[in-house]
2 protein chains.
Amino acid sequence: MAERGLLIVLSGPSGVGKGTVRKAIFEQPNNDFEYSISMTTRKQREGEIDGVDYFFRTKEEFEELIASGGLLEYAEYVGNYYGTPLAYVDQTLASGRDVFLEIEVQGALQVREKMPEGIFIFLTPPGLKELKTRIIGRGTDAMAVIERRMEKAIEEINLMQHYDYAVENDRVENAVSKIRNIIECEHLKVSRVIHRYKKMIKEL
Amino acid sequence: MAERGLLIVLSGPSGVGKGTVRKAIFEQPNNDFEYSISMTTRKQREGEIDGVDYFFRTKEEFEELIASGGLLEYAEYVGNYYGTPLAYVDQTLASGRDVFLEIEVQGALQVREKMPEGIFIFLTPPGLKELKTRIIGRGTDAMAVIERRMEKAIEEINLMQHYDYAVENDRVENAVSKIRNIIECEHLKVSRVIHRYKKMIKEL
């Protein structure tokens, strides 16, 4: 039986650049993990392929999957469902391949509940200066706007505690290299490799 | 106050090449950690400098330190004591610098007891083939010798469970690169950086 693959979850505040970092990761050569294809009820656009860009499903089919526990996580967004089919993730992990998810923070919390053994990476905005800029804005914003941004920043930071790693998105290539390192290091964890060594000993 | 540094402990079975890997790590440019200097009661050799190669102490001084809990770990080896002074490690960590220890497995277990938050890396012999070769020998060994080697290998693998990471010493440069990655990744752990982000928010 193959050693179970790792589930890698990349998430972070909206606007932090998760999608860009994920795309850059998958453009690298020698990636040893599978990208999990999302399922959606939104209309298939021209050029999009079912099972490649998304799994396109009807609302009824999607809701059946929700009811039967067939989704690792899901959310509704402007009237459409988006989610991660559990079966694909589970089968890929069981075959020994790592699976990479890039999802919103609320979805990531759902995954943490169902697969706590996953590796959860929180992408953060680059440093104090950037955070200040995002919150204070260009100096022309009303106090209410600034306060709302403050609250959002505090909420975001509080979500970080549910994650294993925090990676600053200062430059895309730095974030990519850190995320690839994290995956490599996680494969070196004793808890993941010790049974392989024990098996070696038995087979001697 | 500076963020506390990380304690990195490299250990592994005798003969696996810990010393070679450690030397190669410290020959790399841009190392951001301090090597912990050992204390010993053995005679200072020509060319050795007290406080650089070792802290040279008398047997009485060393035993006083043992009694007062001033050693992070120690062992006796052919009539001489070898150990790691706690004060140096603790002060360096408190100043925010990482400390790198390369020690024997028995010493590493003592450190795990006293500083469980350390990063414990177990260097392993390169793969099944090598392990088999080491155990079976060149085909001329008596059954008793082979059995003793078997027992030792099993003991060694069982020690691995007290460590966080297992790094195969297949080639020194691979082991070095993996160990450096581990240190980098450990600095990205949410548990280590979240207070920095919380501080940011407070200071806004």
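Throughout, a chain's letter reflects where its sequence line sits, starting with A, and its residues are numbered from 1.
Of residues 179-188 of chain B, those residues with a non-hydrogen atom less than 4.5 Å from any non-hydrogen atom of chain A are, in numerical order, B:Asn181, B:Ile182, B:Glu184, B:Cys185, B:Leu188. Close approach to chain A, defined as a heavy atom under 4.5 Å from one of its heavy atoms, is seen in no residue of residues 66-85 of chain B.
Residue A:Lys23 places its NZ atom among 12 or fewer non-hydrogen atoms of other residues, nucleotides or ligands, all under 6.0 Å distant. Counted within 6.0 Å of NZ on B:Lys114, heavy atoms from surrounding residues, nucleotides or ligands total more than 12; the atom is thus considered enclosed. Other residues, nucleotides and ligands place more than 12 heavy atoms under 6.0 Å from the CD atom of B:Gln44.
For the set A:Tyr163, A:Phe122, A:Phe120, the entry with the most heavy-atom pairs within less than 4.5 Å of chain B is A:Tyr163. Your options are A:Asp164, A:Ile121, A:Asn158, and the one with the most heavy-atom pairs under 4.5 Å with chain B is A:Asp164. Note on B:Val167, B:Val193, B:Ile154: by heavy-atom pairs under 4.5 Å with chain A, the leading option is B:Ile154.
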side-chain contact (heavy atoms from CB on, under 4.5 Å) between A:Ile157 and B:Lys198: does it pass, once the steps are laid out?
CA-CA 7 Å; A:Ile157 300 308; B:Lys198 286 192 169 164; 4.3 Å; yes
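Closest heavy-atom contact between B:Tyr165 and A:Val190: C-CG2, 3.4 Å.
To the nearest 0.5 angstrom, A:Gln161 atom CD is 5.5 Å from B:Ile194 atom CD1.
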